[in-house]
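Reading through the structure tokens given below for one structure.
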Amino acid sequence: MNLRKLGVLTAVALCTHVGVNAQVVEHPHLDLALMPSPGFNSPVDIANAGDSRLFIVERTGYIRILNTDGTSSLFMDIDSKVKSSGGEQGLLGLAFDPNYAVNGYFYVNYTNNTGTGNTVIARYTRNGVNPNLGDVASEVIIMTIVQPFTNHNGGNLEFGPDGYLYIATGDGGSGGDPGDRAQDITDQKLGKMLRINVSSLPYTNPATNPFVGIVGDDEIWQYGLRNPWRFSFDSQTGDLWIGDVGQGAWEEVDYQPASSTGGENWGWRCYEGNVIYDGAGCGAPGTYDYPIFVYNHTFGAGGYAITGGYVYRGSQYPGMVGYYIYCDYVTGNWWTTVSNGLGGWNTVMEPLSQDDISTFGEGFDGEIYCASLSGGEIYHVVDACGNFDVSTSVTNTNFGFNNGAIDLTVTSGTAPFSYAWSNLATTQDISSLAAGSYSVTVTDGIGCIRLATATVSSVCGPLPSITTTGLTSTTASFDWIDEGVGSYKVQYRPAAGGAWINSMVATSNVTLTGLIPATAYKLKVSYTCPGGSKYSKSKNFSTPARLGTEDIIAPEIIPNPGSGLFNVLNLDNNTNIRIFDITGKLTGEFLSETNSTLDLTNYAEGMYFVQFIKENSVVSTQQLVIAR
């Protein structure tokens, strides 16, 4: 297989089977809502004139108005001018002048009764008295293009954001572009996207068209198209989207950003999609431009004739905003494509199945409509997910704690809902959270997906603990979690009483000096959070006794208070532990090992004193509280 660009095919063509990426992405679930109408005969285009009316183009040469109440009236009849005997011939396109409200001009694309049916681009004018009628006698022919065959006439025309009229032409028909017209840029307007200025007639060619002043027809904006049946501009960004009907194997979506200066060569007939079709006389692969999405000719996940659509910019369905929506006329498969934000695209095959869709159209409010060719129905393209949405409310965690929470609110959607959080939680709300970023995928009962991300921050609050980092008979060092404040007030005094010794520190640690050996102390750290909340945390500690020149490190009981099971740290082997109640009565005696566990679960709640004895000397006496 010869490829224009292998990366494009593997990343895009293979996503025929629904996903471009393995990651979960939000996407709408398309559905169709039948519009009230009397029905139409072979509708092939839908346009708006800047108001709530939809103008329905019938292939046989009629333009009808569809009102919001479902009534319809004839706007214009040019049946006598139009040749529609061929399956791809007829009145094929309609575009209203950007200044239609003032000048009343509108433009049509049709095949006439000359020869095999030549393409005519003509301007008409609204009736001077009745705004619901076009003036048949006002025709001014702008351009005529000779068609060698009856098929591949293109037919679409649209005004771009630059105010110029864009006209899509097919390659002239037959099969395989026998005249190589799509690649011919000299005196050949077939297989092209033309761009002309119709602000006055006869038309002129914008000076910024890519072939002005050099070899190539001045009207050409792009070339290398086979049969660009339907194209559109993103009404918000100005980007150009083209659905180009393939030959025998591939259908393609071509995308041109609004920033482009034109001149794209989409490759036909050298390439069909990304695969060489007829390489005779063709250039190197790098001289062509590539579709952003292709699908092959198959009924399962592809199709045989693409109907290009629109990027949704309406307000009724927020979940569809920014998605390019299109389908296949034959198989009834539908797709949505949206930027992945990284220079690529996410394309999803929708669960919707509806064939016979000949065209899409955009209302003045950005809503998207489509038409059934044989049935004559007009549909509103809607999102079955409706206004399904999720939002989060965050409770931040305090420094040193895991007490953050995220409350998730689900709006609309179809129950039941499932939740998949990045921390593996599956509940709607999550709590006991540390600081960090959390994401959730919410799926409703019909498979609609919404994503949300929330960040839990650490905020100033109560200290969880004060940690002893160093202890001698005359010094003590402590550390605590920094609460993000400018300073801490540190106070300490002997536990037996006395004046507080105060100091201010700018860091979350302190070293106390000048302490008395074998003495119990009380330490307190106080601070004020941003916003004015005041907190303090206390800790009891004891300096070790001093035997000669050697400090005896006092054991540490944790937790204290506790429920009855305590760990004793800094404990030497063969240390006697004696437990006294508040009356001084000895209630228990233990011979410990290093870092022992002290099991007092059979003791009643209350205050006790723990005495540590080493070599017949009392090393430390500490207060212990049992609370359950």
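Computed from a predicted structure; not experimentally measured.
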### Query
Looking just at side-chain N and O atoms, do Q247 and W268 make a donor-acceptor pair shorter than 3.5 Å?
no

### Query
Which atom names give the shortest non-hydrogen contact between F40 and S72, and what distance separates them?
CE2-OG, 3.6 Å

### Query
Is it true that R195 and E219 have a side-chain N and a carboxylate O under 4.0 angstrom from each other?
no

### Message
Are Y324 and Y326 an aromatic pair, judged by ring center distance below 6.0 Å?
### Response
yes

### Query
Do NZ/NE/NH1/NH2 and the carboxylate oxygens of K81 and E139 come within less than 4.0 Å?
yes

### Task
Return the orientation label for the F106 and F75 ring planes: parallel under 30°, perpendicular over 60°, tilted otherwise.
tilted

### Query
Will you find, in the side chains of N274 and E252, an N or O donor that is under 3.5 Å from an N or O acceptor?
no

### Candidate list Y166, F96, Y107, F233, test ring pair (Phe, Tyr, Trp, His ring centres under 6.0 Å), partner F159, passing option
Y107

### Test item: side-chain donor near acceptor, T71 and N67, under 3.5 Å
yes

#### Entry: Any side-chain donor near an acceptor of the partner, T119 and Q147, under 3.5 Å
yes

### Message
Which label fits Y304 and F299: parallel for a plane angle under 30°, tilted from 30 to 60°, or perpendicular past 60°?
### Response
tilted

### Task
Report the relative orientation of the aromatic rings in F293 and Y295; use parallel for angles under 30°, tilted for 30 to 60°, perpendicular for over 60°.
tilted

### Query
Do the ring centers of W345 and Y255 come within less than 6.0 Å of each other?
yes

### Task
Kindly confirm or rule out an SG-SG distance below 2.5 Å between C448 and C385.
yes

### Message
Hydrogens and angles aside, do D97 and N103 bring a side-chain donor and acceptor to less than 3.5 Å of each other?
### Response
yes

### Query
Are R126 and D135 ion-paired here, with the side-chain N under 4.0 Å from a carboxylate O?
no

### Short side-chain donor-acceptor distance under 3.5 Å, T60 and S84
no

### Ionic contact status for D45 with R59, cut-off 4.0 Å
no

### Query
Is the backbone N or O of T359 less than 3.5 Å from a side-chain atom of W229, with the two atoms forming a donor-acceptor pair by type?
no

### Task
Not counting sequence neighbours, which residues clear salt bridge (charged side-chain N to carboxylate O under 4.0 Å, His left out) with R269? List them please.
D180, D278

### Task
Without swapping roles, check the side chain of E350 against the backbone of L30 for a donor-acceptor pair under 3.5 Å.
yes

### Message
Distance alone, cut at 3.5 Å: any donor-acceptor contact between the side chains of N296 and T298?
### Response
no

